[in-house]
Chemist: 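Take a look at the following structure, please.
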Amino acid sequence: MKKSVLTRYRVMAYVTAVMLLVLCTCMVFKYGFDKGEDLTFAVSQAHGILYIIYLIFAFDLGSKAKWSFGKLLWVLVSGTIPTAAFFVERKVVREVEPLIADAAPAVVKA
């Protein structure tokens, strides 16, 4: 597996998690204080698009890492739970990095 597969997943996990936190903050202002309805709409649309990209990259990583369906489902759903993606991303990186190191070609010295 290439390192770029993991890097794409990591970037989108962080972006999705941050956007979800921003969306939650916007929702508090929209429904709690009747402020920022337009901003909430824009942030929710952006988060939706970014979450779809996250799903694609997470599924790609999961298929290459040969995860079980349950593990893949948990990683995919973690983008919808505030702050969960931060913790799941760290765990995924610890599990997948050895797979990348094993796939690296050996350096031959002359």
Chemist: Is a donor on one side and an acceptor on the other found under 3.5 Å between the side chain of Ser63 and the backbone of Asp60?
Modeler: yes
Chemist: Between Val43 and Cys26, what is the shortest heavy-atom contact and its length?
Modeler: CG2-SG, 4.0 Å
Chemist: Looking at CZ of Phe86 and OG1 of Thr16, how far apart are the two atoms once the value is rounded to the nearest 0.5 Å?
Modeler: 9.5 Å
Chemist: Is there a path of hydrophobic side-chain contacts, each under 4.5 Å between heavy atoms of I/L/V/M/F/W/Y residues, joining Met19 to Ile52?
Modeler: yes
Chemist: Write down the atom of Ala85, the atom of Ala13, and the distance for their closest heavy-atom approach.
Modeler: CB-O, 3.9 Å
Chemist: Does one hydrophobic cluster hold both Val92 and Phe87, with members joined at side-chain heavy-atom distances below 4.5 Å?
Modeler: no
Chemist: Once you round to the nearest 0.5 Å, how far does CG of Leu6 lie from CZ of Phe57?
Modeler: 12.5 Å
Chemist: Kindly give the heavy-atom pair with the smallest separation between Gly62 and Leu72, and that separation in Å.
Modeler: CA-CD1, 4.2 Å
Chemist: Give the C-alpha distance, both sets of side-chain angles, the deciding distance and a yes or no for side chain to side chain contact (heavy atoms under 4.5 Å, CB included) between Phe59 and Leu55.
Modeler: CA-CA 6 Å; Phe59 184 80; Leu55 290 176; over 6 Å; no
Chemist: Please tell me if the side chains of Lys71 and Glu95 come closer than 4.5 Å, counting only heavy atoms from C-beta onward.
Modeler: yes
Chemist: For Ala84, does its backbone N or O pair with a side-chain atom of Ser78 as donor and acceptor, under 3.5 Å?
Modeler: no
Chemist: Which ILVMFWY residues are connected to Phe29, directly or by a chain of links, through side-chain heavy atoms under 4.5 Å apart?
Modeler: Val28, Phe33
Chemist: From Leu76 CG over to Phe69 CZ, what is the distance, rounded to the nearest 0.5 angstrom?
Modeler: 8.5 Å
Chemist: Do the charged groups of Asp34 and Lys30 touch, with an N to O distance under 4.0 Å?
Modeler: no
Chemist: Please tell me if the side chains of Val11 and Tyr54 come closer than 4.5 Å, counting only heavy atoms from C-beta onward.
Modeler: no
Chemist: Mind running side chain to side chain contact (heavy atoms under 4.5 Å, CB included) on Arg90 and Arg94 for me, showing each step along the way?
Modeler: CA-CA 6 Å; Arg90 289 305 315 149; Arg94 282 193 302 268; 4.0 Å; yes
Chemist: Is the count of non-hydrogen atoms from other residues, nucleotides or ligands lying under 6.0 Å from Tyr14 atom OH greater than 12?
Modeler: yes
Chemist: With sequence neighbours left out, what residues match Phe41 under ring-ring contact (aromatic ring centres under 6.0 Å, His included)?
Modeler: none
Chemist: Applying side chain to side chain contact (heavy atoms under 4.5 Å, CB included), run through Trp67 and Val96 and close with a yes or a no.
Modeler: CA-CA 10 Å; Trp67 290 341; Val96 172; 4.0 Å; yes
Chemist: Any chance you could measure Thr80, atom OG1, to His47, atom NE2, to the nearest 0.5 Å?
Modeler: 7.5 Å
Chemist: Which distance, rounded to the nearest 0.5 Å, do you find between the CE of Met12 and the CG of Leu50?
Modeler: 4.5 Å
Chemist: What are the two closest non-hydrogen atoms of Ala58 and Val75, and how far apart are they?
Modeler: CB-CG1, 4.1 Å
Chemist: Verify the distance criterion only: is there a donor paired with an acceptor across the side chains of Tyr9 and Ser4 at less than 3.5 Å?
Modeler: no
Chemist: Measuring from atom CG of Leu23 to atom CG of Leu39, what distance do you get when rounded to the nearest 0.5 angstrom?
Modeler: 9.5 Å
